[in-house]
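One structure below.
Every value quoted in this text rests on a predicted model; they were computed, and no experiment measured them.
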Number of protein chains: 2
Amino acid sequence: MAGIADVAALAGVSKSTASRALSGRGHVSATTRAKVVVAAETLGYVPSTTAVSLATGHTNSIGVIMPYVTRWFFAEVLEGVQQRLLEEGLDLTLYDAKPGTAARARVFDDFLARKRFDGLIAIGLEPEDRELERLLAIGCPLVSVVGIAGSVSVIAVDDDYATRRATEHLIGLGHESIAFLGGGGGEHWPQVERRRLEGYTAAMEDAGLAAHISHIRAAASLPASYNAAVDALGDVRSRPTGIVAVSDEVAVGGIIAARRLGIRVPGDLSVVGIDDHEYAEMFSLTTLRQVPREQGAAAVDLLLAHLADPEKPPQTIHMKARLIVRSSTAAPPE
Amino acid sequence: MAGIADVAALAGVSKSTASRALSGRGHVSATTRAKVVVAAETLGYVPSTTAVSLATGHTNSIGVIMPYVTRWFFAEVLEGVQQRLLEEGLDLTLYDAKPGTAARARVFDDFLARKRFDGLIAIGLEPEDRELERLLAIGCPLVSVVGIAGSVSVIAVDDDYATRRATEHLIGLGHESIAFLGGGGGEHWPQVERRRLEGYTAAMEDAGLAAHISHIRAAASLPASYNAAVDALGDVRSRPTGIVAVSDEVAVGGIIAARRLGIRVPGDLSVVGIDDHEYAEMFSLTTLRQVPREQGAAAVDLLLAHLADPEKPPQTIHMKARLIVRSSTAAPPE
DNA sequence: TTGAAAGCGTTACCAC
DNA sequence: GTGGTAACGCTTTCAA
């Protein structure tokens, strides 16, 4: 491996000049720079990142910590982050921290402390107090994409708003018996789901429909919500005319369950989701669109701003979901 | 930040002794070690990874390069890799390289050359010649999870076998008119899909059913295969009695399309997929199970072996998909 | 078993 | 504008 010393020798200059010529920092005459650049190219010189890091004190890498890499929202945000980082020439170091695992504890206790990164992006992390403490103790800029409230920069999505809007959409169509599908299905009940449930509840109460509030519990997956919906929609008498789902995948689970039971959507049952998932169009799903990829990109931009100006106070960027009306919602039967 | 010098000072020993005591390399008396360990703990000492890297020449990090982070197979493998790496205390640096993008070119030209890792895992990469060349030029151990044939260590899945087995399963049930769903839907037609198609074709030919070979093209997503299947299954006369799908998601697209058209599964149409996806059970899908997570873990193990013994020749580990019979397949009608 | 000192490959300060 | 040289924080050889 050719080092900068080799480049300098070939170009007939000193290491310092070669360094300046290549990094662009400091003044070098145009002719010298040209010589150095040519030398570097002939030698196929690539600076050692570790040496650069040691000398400069920064790693040119961003850490990303997230509880799931396989779920739609998380994977999409990750992709957005990765793309933006790539444009900036920054590496991405990934930490997977599934709630309640020993691996997660290790990530917080060992891996993060190693500080292989200049800044950290947390995606939907929802850290416990102890974990958040750890996160802050690292002492490097931190931006969260949802999952953390206040005290730290965050790309936030107004979750209550989304389900409130979804619920109001159904109410506006004339529905009264509206159930909320999803959330509270497993041991771990994420904040996002709770807030979405709250938005629904608030909208129902505001509309004087408190008596109709109904929560069909289901884990946040298509199969889980399908099963839950099959059970809940079985009885014609207790069946709602509208469903607000915690996410599009859950909404689709509900729609498939309805079809299975011979319930027409939207004829007998209106369904509205949140996300505008890849599947939404195929099921003509009315939904509240959020674009996680953009949230990821925004997180990088915000982090970069913090890196550029360490004094910059924490900032919250709100992203609002937008209602996309398709044909899974209509006026209630009769 | 406390450095090893501080630890050494507090323990009343030299830097070298402190280093040996902490890293476990070299001989240190038990009492000295204890003193050093205590000192390190009181100071909250965490070694600087960049300094360690510079001194030792290795980064304690593994690079992962993959074309998609959001698709099921890729995300699952990534999770497997991440988990295994975490157990080993190794960091993971992620490179997203979507085919045909400028970003991908940058990854190969700039990012990989930086060599921020001791070894590289490629997931379903299917590199072009130029890209593979680049990959090999890096000169560090490389393990591929599918996507690369020969010359390099690879965790392989026998794709022809899977679809061949799937096709034979249908033939065994008495089907003759069997179509292949998926593949060739977009500009980019991955090798995996081609090989799966070949397995189907070979099985059909071997069974003397060449005349019934039929390929319903569709991109590898649920909505795409749904649309393709709705078109293809519309005409009763030309409709096959069996479908071998390129993946479970595609199979599910086919099943939903069939339901839409009033075609009973498996009464009128048998469908078999590949993957044993999260959705398979919900649709009672007969499928060939592969467990990408295990493939990811296996890739890490193999890479670790290469790291331990640089002379170790490239090795191919075959993983065979296993037929899981559920109730989406049955004898053909009549 | 321990310590001194020489790297590891850059950058950055300070003279020239 | 350029070159020498001291860091950066650790590991590792070599002597003691």
Side-chain angles (χ1 to χ4, degrees), chain A residues 1-40 43-61 89 91 110 113-118 139-140, chain B residues 1-40 43-61 89 91 110 113-118 139-140:
Chain A
M1 292 296 283
I4 198 165
D6 304 309
V7 175
L10 181 57
V13 299
S14 70
K15 285 200 305 177
S16 13
T17 304
S19 172
R20 277 185 299 246
L22 293 171
S23 71
R25 274 182 288 259
H27 294 285
V28 188
S29 76
T31 48
T32 319
R33 158 169 296 118
K35 272 192 300 183
V36 174
V37 168
V38 169
L43 262 38
Y45 168 73
V46 178
S48 148
T49 48
T50 63
V52 173
S53 296
L54 188 57
T56 61
H58 45 80
T59 62
N60 274 314
S61 174
D91 280 306
D110 305 343
R114 301 221 275 252
K115 263 192 83 156
R116 255 205 141 69
F117 37 75
D118 300 327
C140 74
Chain B
M1 290 294 283
I4 199 166
D6 304 307
V7 175
L10 181 56
V13 298
S14 70
K15 282 200 307 177
S16 14
T17 304
S19 172
R20 278 186 296 248
L22 260 20
S23 71
R25 273 181 288 260
H27 296 284
V28 187
S29 76
T31 49
T32 320
R33 156 168 297 117
K35 272 192 301 185
V36 174
V37 168
V38 169
L43 261 39
Y45 168 72
V46 177
S48 149
T49 47
T50 63
V52 173
S53 296
L54 189 56
T56 62
H58 46 80
T59 61
N60 274 315
S61 173
D91 280 307
D110 305 344
R114 301 219 276 249
K115 262 191 83 154
R116 255 205 143 69
F117 37 75
D118 300 328
C140 76

Shortest non-hydrogen contact from B:Tyr45 toward B:Ala2
CD1-O, 3.4 Å
Looking only at side-chain N and O atoms, does B:Thr32 come under 4.0 Å of OP1 or OP2 in C:dT2?
yes
Among D:dT11, C:dT1, D:dT5, which nucleotide has an atom closest to any side-chain atom of B:Lys15?
D:dT11
Taking all non-hydrogen atoms of both residues into account, name the closest pair between A:Arg114 and B:Val46 and its distance.
CA-CG1, 4.1 Å
Round to the nearest Å and state the distance from A:Arg25 atom CZ to D:dG1 atom P.
17 Å
Set out, in order, the CA-CA distance, both residues' side-chain angles and the distance that settles side chain to side chain contact (heavy atoms under 4.5 Å, CB included) for B:Val28 and B:Thr17, then state yes or no.
CA-CA 7 Å; B:Val28 187; B:Thr17 304; 4.1 Å; yes
Per the atom types in the model, does the base of C:dG3 pair as donor or acceptor with the side chain of B:Arg20 at under 3.5 Å?
yes
Taking CZ from A:Arg33 and P from D:dG3, how many angstroms apart are they, rounded to a whole number?
14 Å
At their closest point, which heavy atom of A:Ala40 faces which heavy atom of A:Val7, and how far apart are they?
N-CG1, 3.8 Å
Can you tell me the distance, in whole Å, between the CG atom of B:Leu22 and the P atom of C:dT1?
17 Å
In whole angstroms, how far is the P atom of D:dG3 from the CD1 atom of A:Ile4?
12 Å
Looking at side-chain heavy atoms only, is the closest gap between B:Val36 and B:Leu22 below 4.5 Å?
yes
Residues within residues 46-57 of chain A bordering DNA chain D, heavy-atom distance below 4.0 Å:
A:Leu54, A:Ala55
Starting the side chain at C-beta, find the nucleotide from C:dC13, C:dT2, D:dT11 nearest to B:Ser19.
D:dT11
Ignoring backbone atoms, establish whether B:Ser16 has a side-chain N or O less than 4.0 Å from OP1 or OP2 of C:dA5.
no
Mapping B:His58 and A:Gly12 to their closest nucleotides on DNA chain D, which lands nearer the 5' end?
A:Gly12
Distance, rounded to the nearest Å, where A:His27 contributes NE2 and C:dA12 contributes P
14 Å
Do the non-hydrogen side-chain atoms of B:Thr59 and B:Lys115 ever get within less than 4.5 Å of each other?
no
Atom CG of B:Asn60 and atom P of D:dT11 are separated, to the nearest Å, by 11 Å
CA sep, side-chain torsions, deciding dist, call: A:Ser16, A:Arg20, side chain to side chain contact (heavy atoms under 4.5 Å, CB included):
CA-CA 6 Å; A:Ser16 13; A:Arg20 277 185 299 246; 4.1 Å; yes
So what does A:Ser29 touch, heavy atoms closer than 4.0 Å: a base, only the sugar-phosphate, or nothing?
sugar-phosphate
Taking only the side-chain nitrogens and oxygens of A:Ser14, find out if one of them lies under 4.0 Å from OP1 or OP2 of D:dT2.
no
